[in-house]
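The structure appears right after this line, and notes come after that.
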Amino acid sequence: MPTDDHFMERALKLAQQAADRGEVPVGAVVVKNGEIIGQGHNQPIASHDPTAHAEIIAMRDASKNLSNYRLTGCDIYVTIEPCTMCVGAMVHARIRQIFFGALEPRAGALTSQLQLMEDGHFNHSILWKGGILADQCATVLRDFFRQKRS
């Protein structure tokens with residue numbers, strides 16, 4: 001059975017694809033029963049779509065592959081702590097668990113800024129775990145922004 005690191009490594013490869021296209025390097029995969037069923041990377045610039053975050057793209061891909069807008073029993077792996085929009089979409093999709101790499105100190109919606117899964121206001125609760133390959137995930141982001149500034 002593939003490990004959390006295995007799935008995060010795939011998300012990191014997708015993040016690099018985003019960076020190669022000039023997008024903020026975030027990648028995500030949706031997993032069901034140990035198999036990747038959806039994947040995506042950030043593409044709001046290229047798609048002219050502010051909702052085209054890696055997580056949203058990956059969930060759209062998974063939903064198409066399952067022919068269902070509900071992703072019950074699915075987990076998502078994303079290289080950075082998800083934002084409010086993405087966590088909200090995960091709640092609506094009924095994602096089972098979120099695994100993320102690096103913290104997002106400015107906009108993270110699980111632990112860094114908001115703690116959306118702690119309030120109990122939603123009709124669906126998602127388990128989450130951060131810090132998977134956190135150093136590698138943070139390095140991809142740091143290198144991207146360092147290059148942009150130089």
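None of the values given here were measured: they were computed from a predicted structure.
No donor-acceptor pair closer than 3.5 Å links the side chain of E81 to the backbone N or O of G130. A donor-acceptor pair under 3.5 Å is formed between the side chain of E104 and the backbone N or O of A107. Judged by distance alone, with hydrogens and angles left aside, the side-chain atoms of Q115 form a donor-acceptor pair with the main-chain N or O of Q113 at under 3.5 Å. Judged by distance alone, the side chain of T79 and the main-chain N or O of A11 form no donor-acceptor pair under 3.5 Å. Under the 3.5 Å distance criterion, the side-chain polar atoms of N42 are left unmatched by any main-chain donor or acceptor of E23. Distance alone, capped at 3.5 Å, is enough to place a donor-acceptor pair between the R21 side chain and the Q17 backbone. No side-chain donor-acceptor contact under 3.5 Å links D61 to the backbone of I57. A donor-acceptor pair under 3.5 Å links the side-chain atoms of R70 to the main chain of H92, judged by distance alone.
Cluster membership check: V91 shares its hydrophobic cluster with W128, using side-chain heavy-atom separations under 4.5 Å among Ile, Leu, Val, Met, Phe, Trp and Tyr. One hydrophobic cluster holds both V26 and I56 under the rule that ILVMFWY side chains link at heavy-atom gaps under 4.5 Å. With hydrophobic clusters built from ILVMFWY side chains whose heavy atoms lie under 4.5 angstrom apart, I95 shares a cluster with F122. No continuous path of hydrophobic side-chain contacts links F7 to I76 [ILVMFWY only; heavy atoms under 4.5 Å]. L103 and F145 fall within the same hydrophobic cluster, where Ile, Leu, Val, Met, Phe, Trp and Tyr residues are linked whenever their side-chain heavy atoms come under 4.5 Å apart, directly or through other members.
Within the structure, the salt bridge (Lys or Arg N to Asp or Glu O under 4.0 Å) test picks out the following pairs touching residues 82-101 (sequence neighbours left out): D75-R96.
To the nearest 0.5 Å, the span separating CE on M85 from CE on M90 amounts to 9.5 Å. Within the model, atoms CG of L133 and OG1 of T139 stand 11.0 Å from one another, a figure rounded to the nearest 0.5 Å. Here Q16 contributes atom CD and L12 contributes atom CG; the two are 9.0 Å apart, rounded to the nearest 0.5 Å. Between the CE atom in M8 and the CG atom in L14 there is a gap of 11.5 Å [rounded to 0.5 Å]. One distance of note links OH of Y77 with CD of Q97; it measures 7.0 Å at 0.5 Å rounding.
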Check: When you look at L71 and S63, which way does the side-chain contact (heavy atoms from CB on, under 4.5 Å) test go after all the steps?
Finding: CA-CA 7 Å; L71 299 175; S63 292; 3.7 Å; yes
Margin query: Before you tell me yes or no, could you show the steps for V31 and H6 under side-chain contact (heavy atoms from CB on, under 4.5 Å), namely the whole-Å CA-CA distance, both residues' side-chain angles and the distance that decides it to 0.1 Å?
Written below: CA-CA 11 Å; V31 174; H6 168 80; over 6 Å; no
Check: Does the pair I45 and V24 meet the rule for a side-chain contact (heavy atoms from CB on, under 4.5 Å), with working shown?
Finding: CA-CA 9 Å; I45 297 168; V24 174; 6.0 Å; no
Note to self: Go through it in stages, so that I can follow the logic: the residues are I98 and E55, the test is side-chain contact (heavy atoms from CB on, under 4.5 Å), and I'd like the CA-CA distance, side-chain angles, deciding distance and then a yes or no.
What the structure shows: CA-CA 10 Å; I98 302 165; E55 301 95 310; over 6 Å; no
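Within a 6.0 Å radius of CD in E118, other residues, nucleotides and ligands contribute more than 12 heavy atoms.
Taking every heavy atom of both residues into account, P44 and A52 meet most closely at CD-O, 3.3 Å. In this structure, T72 and K32 approach most closely via the heavy-atom pair O-NZ, 3.3 Å. P2 approaches G34 most closely through the heavy-atom pair CG-O, 3.7 Å. The minimum heavy-atom distance between A58 and G40, with the atom names listed, is CB-N, 3.7 Å. Pairing each heavy atom of G101 with each of A134, the nearest pair is O-CB, 3.6 Å. The shortest non-hydrogen separation linking R10 to V29 is CG-CG1, 3.7 Å.
Tested against V30, the residues N65, L66, I37 include a single side chain to side chain contact (heavy atoms under 4.5 Å, CB included) partner, I37.
Within the 4.5 Å cutoff, no side-chain heavy atoms of H121 are placed close to those of L116. Looking at heavy atoms from C-beta onward, C86 lies out of side-chain contact with V78 at the 4.5 angstrom threshold. I80 places none of its side-chain heavy atoms less than 4.5 Å from the side chain of C137. Side-chain atoms of T111 and F100, non-hydrogen and from C-beta on, do get closer than 4.5 Å to each other.
Looking at residues two or more places apart in sequence or on another chain, you find a salt bridge (charged side-chain N to carboxylate O under 4.0 Å, His left out) between R146 and D143.
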